Amino acid sequence: MRFRAAVMGTLLLVTLAGAEASAQAPPPSPRTRQAAVAYANQGWTAYRARRYREALQAFRRAEATVHAPTFLIMVARSCHKLGRLTEARSVYQLIVDEQLSADASQAFRQAQAEARTELEAVASRIPTVEITVTGAGSGGAQVALDGLDVPASTPVARDPGSHTLAVGAPGRRGLTKQIVLKEGTRTRVEVDLAAGKVRIGSDETEQGAGGAPQPAGPGRVAADGGAQEGGEPQPVGPGQVAADGSAQEGGDAADGRPSSRSTAVVITGLAGTAVGAGLGAAFVLLSNEKASSQQLLLGPACTDPARCPGLDLRRYNDLGHAKADLANAAVWSFLAAGAAGLGTAAYVLLTGQPDARDATATSLSVIPMPGGLVLSKRW
């Protein structure tokens with residue numbers, strides 16, 4: 001689904017009104033509000049670009065500057081995208097448990113309602129692991145997961161991914177094992193200290209249907225990043241704030257990948273560049289062929305066509321005109337290819353979003369080559 005919006009355009013106009021009404025803290029100053037909005041917009045830009053670590057840091061700064069459930073829910077969503085499901089669950093729980101004042105803004109209440117729904121979804125995706133120690137001497141066994149002690153024979157929740165299990169007991173040689181936990185699974189690990197063996201089994205739990213939450217859909221975007229029903233706002237430039245307080249950006253898909261329209265424009269531009277460069281090269285070859293035919297008519301001993309006896313001057317001139325026309329056609333083809341390439345590059349730079357998770361970067365190269373340009377982009 002496409003979405004048009006930077007998440008925090010309304011935070012200062014609407015949602016922070018709830019923070020001002022709180023009796024627990026004085027109203028934030030205009031400078032504090034501006035700082036919170038700046039951090040939130042940085043976070044939203046990074047979130048859309050799938051730079052979730054950067055987004056998480058920015059949203060945390062916004063929340064530290066001015067408390068708002070609308071900031072916290074984006075903190076939780078960023079944690080979710082990073083695979084830090086247990087942290088996401090804790091943040092969602094904070095939002096759900098918060099006692100909102102009677103005059104809290106609608107955006108705060110909507111953020112709390114969405115947090116409640118997303119909490120259920122993320123909780124169902126958190127894997128658990130239960131470690132049982134058997135064998136002689138298992139009574140005093142110590143169990144650690146990633147260096148932290150965990151109780152034996154008790155399910156514990158951990159984020160998906162690889163974890164280091166270490167089991168030791170007095171008088172027994174310790175065991176270390178890498179275990180991989182998958183989303184929505186219950187993993188059982190049985191460690192036999194006497195035999196020095198580790199058995200691992202798992203079964204899937206029922207997962208939430210929604211997967212990772214998407215902060216927006218078609219139409220306007222609320223201060224918490226959730227979509228609101230209603231018509232689309234009038235288009236504005238990237239990062240600008242619309243009349244309803246929401247901000248809009250380009251038309252890329254919600255997961256950071258280029259939209260179908262963006263992809264079509266890029267493919268068309270690249271195709272135009274390739275066709276123009278190919279035609280230019282073909283015209284150059286044909287022009288050179290006409291020049292060679294002219295030279296054959298002259299012969300090796302003749303340098304001035306007007307003084308060459310037996311020269312078919314009319315044929316010679318026709319070849320010359322054809323050579324000039326083909327050379328002009330080559331020039332215009334290369335110019336058209338260059339224009340298409342530069343136009344596509346400009347479009348990608350202005351509207352394209354990096355398809356990256358955290359450290360993976362998007363690269364764009366426009367390389368001049370003999371007879372044309374080479375445009376290269378890694379999505």
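This structure is a prediction, so every number in the text was calculated from the model and none was measured. Note that the numbering runs from 1 along the sequence shown for the chain. Keep in mind that the numbers below use all heavy atoms, side chains included, and drop hydrogens, waters and symmetry copies.
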*Asks:* Please report the shortest heavy-atom distance between Asp159 and Leu85, naming the atom on each side.
*Replies:*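 Closest heavy-atom pair between Asp159 and Leu85: OD1-N, 2.9 Å.
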*Asks:* Does some side-chain heavy atom of Leu100 sit less than 4.5 Å from a side-chain heavy atom of Pro69?
*Replies:*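 Result yes, sub-4.5 Å side-chain heavy-atom pair found.
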*Asks:* Show your reasoning for whether side chain to side chain contact (heavy atoms under 4.5 Å, CB included) applies to Glu118 and His80.
*Replies:* CA-CA 10 Å; Glu118 294 173 20; His80 195 164; over 6 Å; no
*Asks:* Are side-chain heavy atoms of Leu326 and Glu289 found at a separation under 4.5 Å?
*Replies:*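 Leu326 does not reach Glu289 side chain to side chain.
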*Asks:* Out of the candidates Thr164, Ile179, Val167, only one should pair with Leu145 under the side-chain contact (heavy atoms from CB on, under 4.5 Å) rule; please name it.
*Replies:*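 Result for side-chain contact (heavy atoms from CB on, under 4.5 Å) with Leu145: Ile179.
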*Asks:* Might you work through the side chain to side chain contact (heavy atoms under 4.5 Å, CB included) test for Val191 and Lys177, ending with a clear yes or no?
*Replies:* CA-CA 10 Å; Val191 180; Lys177 179 74 173 179; over 6 Å; no
*Asks:* Search all heavy atoms of Pro127 against all heavy atoms of Glu183 and return the closest pair with its distance.
*Replies:*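 Smallest heavy-atom distance, with atoms named: CD-CA, 4.4 Å.
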*Asks:* Please check if the side chain of Thr65 supplies one atom and the backbone of Ala36 the other of a donor-acceptor pair under 3.5 Å.
*Replies:*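 The answer is no, because no donor-acceptor pair under 3.5 Å joins these two groups.
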*Asks:* What closest approach, in Å, do Ala40 and Phe71 show between heavy atoms, and which atom pair accounts for it?
*Replies:*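 Smallest heavy-atom distance, with atoms named: CB-CE2, 3.5 Å.
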*Asks:* Just verifying a value: how many Å separate Leu72 CG and Glu63 CD, rounded to the nearest 0.5 Å?
*Replies:*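 One gets 3.5 Å once the value is rounded to the nearest 0.5 Å.
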*Asks:* Should Leu56 and Arg84 count as side-chain neighbours, where that means a heavy-atom distance under 4.5 Å?
*Replies:*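 Side chain of Leu56 against side chain of Arg84, heavy atoms only: contact under 4.5 Å found.
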*Asks:* Got a second to check how far Phe283's CZ is from Phe334's CZ, nearest 0.5 Å?
*Replies:*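 Separation between the atoms: 10.0 Å.
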*Asks:* Got Glu114 and Tyr92 here, is their nearest side-chain heavy-atom distance under 4.5 Å?
*Replies:*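 No; the side chains remain at least 4.5 Å from each other.
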*Asks:* Which distance, rounded to the nearest 0.5 Å, do you find between the CZ of Arg89 and the OG of Ser124?
*Replies:*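 The CZ atom of Arg89 sits 11.0 Å away from the OG atom of Ser124.
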*Asks:* Between Glu130 and Thr187, does a side chain to side chain donor-acceptor pair (under 3.5 Å) hold up when you go through it step by step?
*Replies:* CA-CA 6 Å; Glu130 181 178 350; Thr187 299; over 6 Å; no
*Asks:* Do Pro160 and Lys182 touch side chain to side chain, with heavy atoms closer than 4.5 Å?
*Replies:*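 No, their side chains stay 4.5 Å or more apart.
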*Asks:* Find out whether Thr132 and Arg188 are in side-chain contact, i.e. whether some heavy atom of one side chain is under 4.5 Å from a heavy atom of the other.
*Replies:*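 They are not in contact (no side-chain heavy atoms under 4.5 Å apart), so the answer is no.
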*Asks:* As a quick check of understanding, evaluate side chain to side chain contact (heavy atoms under 4.5 Å, CB included) for Leu165 and Val129, giving each step before the final call.
*Replies:* CA-CA 11 Å; Leu165 170 65; Val129 57; over 6 Å; no
*Asks:* Go through the steps to decide whether Arg158 and Val150 satisfy the test side chain to side chain contact (heavy atoms under 4.5 Å, CB included), and finish with yes or no.
*Replies:* CA-CA 11 Å; Arg158 286 295 185 270; Val150 295; 3.3 Å; yes
*Asks:* Quick one: CG on Leu181 to CD1 on Ile126, what's the gap to the nearest 0.5 Å?
*Replies:*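 Result: 12.0 Å between the selected atoms.
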*Asks:* I want to check something: taking the side chain as every heavy atom from C-beta on, are Phe108 and Gln112 in contact at a cut-off of under 4.5 Å?
*Replies:*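 In short, these two side chains do not touch, never coming nearer than 4.5 Å.
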*Asks:* I'd like to know if the side chain of Thr45 and the backbone of Asn41 have a donor-acceptor N/O pair within less than 3.5 Å.
*Replies:*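 It does hold such a pair.
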*Asks:* Check whether the ring centres of Tyr52 and Tyr47 lie less than 6.0 Å apart, and answer yes or no.
*Replies:*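 Under 6.0 Å, so yes.
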*Asks:* What is the distance from atom CE of Met74 to atom SG of Cys79, rounded to the nearest 0.5 Å?
*Replies:*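 With rounding to 0.5 Å, CE (Met74) is 11.0 Å from SG (Cys79).
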